[in-house]
Amino acid sequence: MENVRVRFAPSPTGYLHVGGLRTALYNYLFARKNNGKFILRIEDTDRNRFVEGAVENLIDALKWCGLNYDEGPDIGGIFGPYIQSQRLSTYKEQARKLIADGKAYYCFCTPQRLEKLREEQQKQKLPQAKYDKHCLHLSKTQVQQKIAVGIPFVIRLNVLPNKKIIFDDVVRGRVEFESNNVDDQVLIKGDGYPTYHLANVVDDHLMQITHVIRGEEWLSSTPKHVLLYDAFEWERPVFAHLPLLLNPDRSKLSKRQGDVAVEDYRAKGFLKEALLNFVALLGWNAGDDKEFYYMNELIEKFSLERVNKSGAVFDLEKLNWLNEEHLRKKSNEEILSMLKTEICNSQFAILNFSDHYLLKVINAMRERVSFVHEFLTKSSYFFAAPKEYEETSRQKNWKPETSEQIQKLRANFAQLENPSKEDYELALKQTAAEFNISAGKLIHPLRLAISGTSAGPGIFDIAEILGKDEVLKRIDTALALLR
Ligand code: GLU
């Protein structure tokens, strides 16, 4: 495909929604696959919905995911600026052109009149409220007079009745609307700002966007856009509307049933690779049942033709699974760097752990965690001596005779020089033989003493990683506390 240019055009309403991430990702994949350009454009013309810091949040989230754009507000590009509130004169100029061509008109109707009109239409049970073209017939002089005396106005598109509006959507196929159902939409609002529809179409044209890939919620706006392209006599882009994201109960994905912001998933420790992999599968598949993907494979396989029409269910379990899978595939060194960041942000930040030590912890734990932060929670004993001991294990494994046996085990451990896990094991077996008990009678209390828990990697591995001094110290503490 030649000269593909696509854009992600969010309205900065606070955070990047996972649905927005999916739109951004599909645009990105499509651009990369076709050697095209991926553009970020901020659609902030609805001043009522403006949220301080939202643009920064969006950019931050996209950057964290690695969805790098080729043109955008912070990096510029030949079609900039890429923030709509900085392009107001462009929209006015384009709207004036439509007026000059008789395709749009000034409307001076007061909010009161419009309200009355709406009420009347409701009484008549009309399917939807529509402007009655009252101002369409004002003469040029009347318009000029009204503007001259400062009567507020909007600019509306003159939608011709009884026309079929037809467009082809890559995902939805042929879509048809009746122009009778389309209002004479406002293009420039009373505050001089363009509406979403005008700004969106003008920018997509001026920025030479070839494919509009966006969520299904915009499908019903598309006839308005198509009318605008036709009014301007501009070539329409290709449209592809992505299926809705659904909760497991098939209602529309909502905050009430879980996190919807990318930053929430990031804060919970999900890997960006897993989140992108997961989001890629929300409405697309390569035609087989492969689910684990790296970005380069997604780029290679992605096509709009394989995007589904039906809603995509947001299945958190699958995301968890993918996170685990992606984490498993990382090298120890990659995990090391993430673990160090995790430590820096934790209660263990003041402690110093060598890379050598952390790599040993990673080796022992990597198959047992689904998130990097679980190194700190599931095996906190590698970072600090246990402060408490698991009660059920204490009751089950620390019998009246245990203290004496563990005391002996400690003495035997103390004899060892720079012990390996095999040395610990041998010493434990010998101690068990001395008491004529099974090794298990010592292993469980030993585990409780040095880790405080009853689960984890092999106890001799843990002992080797902690080192003899620490092991002896922890046994002493346990002997003092567990009687
Ligand atoms: N500003 C719209 C949004 O917030 C963009 C829709 C479109 O991509 O055309 O999603």
Side-chain angles (χ1 to χ4, degrees), residues 4-31 36-51 54-59 61-62 67 69 71-73 79 81-88 90-91 94 167 169-172 175 185-187 189 193-229 232 234 236-245 252-255 260-262 279 282-283 304 307:
V4 161
R5 288 178 57 83
V6 290
R7 78 321 187 254
F8 176 48
S11 299
T13 52
Y15 57 85
L16 179 57
H17 189 283
V18 284
L21 178 65
R22 199 246 335 237
T23 303
L25 175 63
Y26 283 17
N27 275 284
Y28 176 86
L29 295 175
F30 187 73
K37 295 278 185 257
F38 172 53
I39 291 128
L40 173 66
R41 182 174 76 224
I42 302 295
E43 302 208 326
D44 60 344
T45 58
D46 187 349
R47 302 316 279 171
N48 299 325
R49 293 177 68 204
F50 183 77
V51 177
V55 176
E56 291 73 13
N57 277 355
L58 270 166
I59 291 181
L62 289 175
L67 295 185
Y69 35 89
E71 298 163 31
F79 297 99
Y82 294 90
I83 299 190
Q84 289 189 327
S85 58
Q86 295 171 10
R87 303 170 58 81
L88 299 183
T90 305
Y91 310 124
Q94 296 296 340
F167 58 91
D169 186 282
V170 184
V171 180
R172 323 277 319 177
V175 184
Q185 52 177 304
V186 174
L187 304 177
K189 297 180 276 190
Y193 275 76
T195 51
Y196 152 70
H197 306 294
L198 177 70
N200 186 271
V201 166
V202 165
D203 284 347
D204 281 346
H205 174 72
L206 295 180
M207 296 179 180
Q208 298 182 6
I209 299 302
T210 54
H211 296 72
V212 166
I213 305 168
R214 62 184 171 198
E216 187 175 298
E217 62 273 29
W218 302 103
L219 186 64
S220 58
S221 297
T222 309
K224 295 183 178 180
H225 300 176
V226 165
L227 286 176
L228 273 169
Y229 282 104
F232 281 119
W234 290 340
R236 304 172 188 177
V238 174
F239 291 105
H241 286 90
L242 311 176
L244 287 180
L245 298 188
K252 196 174 163 208
L253 186 68
S254 67
K255 250 195 221 170
V260 290
V262 170
V279 160
L282 290 173
L304 289 174
V307 172

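First listed ligand is number 1; within each ligand, the first listed atom is number 1. The structure displayed is predicted, hence computed values, not measured ones.
Residue-environment remark: NZ (K37) stays at or below the threshold of 12 foreign heavy atoms within 6.0 Å.
The closest side-chain donor-acceptor pair between T222 and R236, if any, does not fall under 3.5 angstrom. If you check the side chains of Y91 and D203, you find a donor sitting under 3.5 Å from an acceptor. Side-chain atoms of E43 and Y196 form no donor-acceptor pair, as typed in the model, at a separation below 3.5 Å.
In this structure, H211 has its ring center under 6.0 Å from that of F30.
Each side-chain hydrogen bond (donor to acceptor under 3.5 Å, both in side chains) pair with one or both residues in residues 9-28, not counting sequence neighbours, would appear here, but there are none.
In terms of protein heavy-atom proximity, atom 7 (C) of ligand 1 is closest to R214 CD, 3.4 Å. The nearest heavy-atom contact from the protein to atom 6 (C) of ligand 1 is Y196 OH, 3.4 Å. Shortest contact from atom 3 (C) of ligand 1 to any protein heavy atom: W218 CZ2, 3.4 Å.
R7 counts as a contact of ligand 1, since one of its heavy atoms falls under 4.0 Å from the ligand. Judged by the shortest distance from any of its heavy atoms, F8 lies outside the 4.0 Å radius around the atoms of ligand 1.
Looking at ligand 1, you'll find an N or O of A9 within less than 3.5 Å of one of its N or O atoms.
Each of the following atoms of ligand 1 lies closer than 4.0 Å to a heavy atom of N200: 7 (C), 9 (O). Taking every heavy atom of E43 and a limit of under 4.0 angstrom, the matching atoms of ligand 1 come to 1 (N), 2 (C), 5 (C).
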